[in-house]
Amino acid sequence: MPPSWGLTSEGTNTRMCRDLPHFSHTSLALACLSLAVACSEKDSSSETVAGTAAGSQGSQSASSTTAGSTTTGSATTGGPAASGSSSSTAGVSSTGAASSDGTTQGTGGASSTSGNTTGTGGGASTGGNTTATSGSTTTGGGGNPPSDCTPDGRAHNPMVTQIFTADPNAVVYGDKVYVYTSHDVDNQENFDMVDYHAFSSDDMVNWQDHGVIIHADSLPWATNLYAPGACSKDGKYYLYIPNSGSGIGVAVADDPGGPFVDPLGVALVTKSFPNADVPWLFDPACFVDDDGQGYLYFGGGDDGGQNARVVRLNDDMISLADSMATTIPTTAFFEASFMHKRDGKYYFSYSSDFSSGHGAALEYLMSDSPMSGFEYKGKLLSNASINEGNNNHGSIIEFAGKSYVFYHNRKLEQELGVDKVNNRSVAIQELSYAADGTIPTLSMSTDDTTVSQIKCLDGFAEIEAERLAQEHGIEVEGLAGETVRVAQIAAGDWVAYSQVDFRDGATSLVAQVASAAGGGTIDVLIDGCIGGGPGTSIGSCEVVSTGGADTFAPLTCTLTETSGAHDLCLSFSGSPAFELDSFHLE
Ligand code: FUB
């Protein structure tokens, strides 16, 4: 990714296939996939089946000032801070299990509930493994009650720009949508992915990046992490993980935002499992039916549509209940299995092959049963030139009364001039159903904005800085469950949040920043700033030292009093030398 968009080159990712040539059209791309699979497969003899853009805003508002933001003695948690990412959030304490960053699962003792008392140090959080807790469980804010806020926001296409994302597996957990994605490595020629990110939202526009939720380094049986599949059962969250096209394993988490851990240490499904010897043993999709029965769908390969498989899972979700996989006969099946259920009907969707009339569309079957009796119904999403005649991968959810399809496109890489067909990005569109339950074919959109925002983002609750509607130039760094934060901030970069509720009036923005020596300015802008427009400045503050590059402390920016719903941007200027964890309004 060009530096202007700030993606770093993740140095450790490419293990194999580095030297494969660049494939730029369909047939060669298919060859590429096969080669990538072949050359990244691990020694099959060791297989084990377990258990049977824009420039500086230049809005130098003179209106406000920095606040103290000292950090010493601030309440930090213990617990190992892995990966050198910063350790703790000063003053925002939470206890309990390492909830994923920003999901309000930690119960937390003295967690900041007033929303305006962050950074007071004192009551250090407890909790052995509660590193960081950037997700400070601030709920509700001090000051005035939430307004009757009607958002006027639209999801962006693609929905994430800080990294390339692909193969979205969207799932609704509680009142949030979680999207588990492959992470395309910058400039990858093939499929060199080695970790996964999860993104969550309760409004479909502001998407929280939960950081790296699992990495191939923790999976002894896997090298390249292709499309993941996610589902939940009995309070645990499962991620089914393919090792390119050679096998599927599983990881488990207590929080949907991770971190995920492999309980087996070996693949769950390999080609030695009866009837699982498909050309590409990958693209798992898990589905838990209303009766609690879990199913794992998978498969891929271009030979007559007979490579889709399903196998039942045991209650533990980490072992197989069937003695052999069942074939799901399809039309033009290629890859990207997905299962969802609506009004008692089972929908098995997939990406079709490149034969005439198909062309990597998302197509689907319907049945009254999860394992058999499927009828081909046609395309639900046609592919488009934005995908350069290359692969597609989708998932479908029902959320807050609407239906959505998630898929990937090549819009961002084309805008960036990256010219790699395998730097993909996830997009969202609304889906509709006919009265008989079939899905009218949708055209893939290239619009900059797609679905409507469902609700406002409460500015008086702590907002993770990486809960982004859009960004320019920054990176999101950190491991799930630790301090995931906005990092590598340079002058001209910005982060944007859609339709933030300022309630009856906010007069300051309190940001959790970490800076060794200080440096840089945060300009607070509203309206017209998403996408890099100038917006309207309502305040700014200079970043001072917090006592350490990993020491987060509150920095208060005084604002021109502002109320109601506004797009909110934090634009960085000067010589930024800080990272940003979260913020709230007061
Ligand atoms: O991302 C790698 C592979 O590309 C996936 O496993 C396929 O579904 C295709 O999207």
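Here the structure is a predicted model, which means the values were calculated and not measured. We use all heavy atoms of the structure for the numbers below, so side chains are in, but hydrogens, waters and symmetry mates are not. Order of appearance sets the numbers: ligands from 1, and atoms from 1 within every ligand.
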With a cut-off of 4.0 Å, which atoms of ligand 1 are near a heavy atom of [X]?
X	value
Met193	1 (O), 2 (C)
Phe282	6 (O)
His393	7 (C), 8 (O), 10 (O)
His408	10 (O)

Quiz item: Between Ala227 and ligand 1, which residue portion shows a heavy-atom distance shorter than 4.0 Å: side chain, backbone, both, or neither?
Solution: both
Exercise. May I ask you to check if ligand 1 and Arg424 share an N or O to N or O distance below 3.5 Å?
Key: yes
Self-check item: Asn391-ligand 1 polar pair, N/O distance under 3.5 Å
Solution: yes
Quiz item: Looking at Glu466 and Arg485, does any basic side-chain N land under 4.0 Å from a carboxylate oxygen?
Solution: no
Self-check item: Arg154/Asp448 ion pair, N-O < 4.0 Å
Solution: no
Quiz item: Do Val418 and Asn187 have side chains that get closer than 4.5 Å, going by heavy atoms?
Solution: yes
Exercise. Report yes if the side chains of Tyr407 and Met444 come closer than 4.5 Å at any heavy-atom pair, otherwise no.
Key: yes
Quiz item: Are a donor atom and an acceptor atom from the side chains of Thr327 and Asn275 found within less than 3.5 Å of each other?
Solution: yes
Self-check item: Option passing side chain to side chain contact (heavy atoms under 4.5 Å, CB included) with Phe287 (candidates Lys341, His340, Gln293)
Solution: Lys341
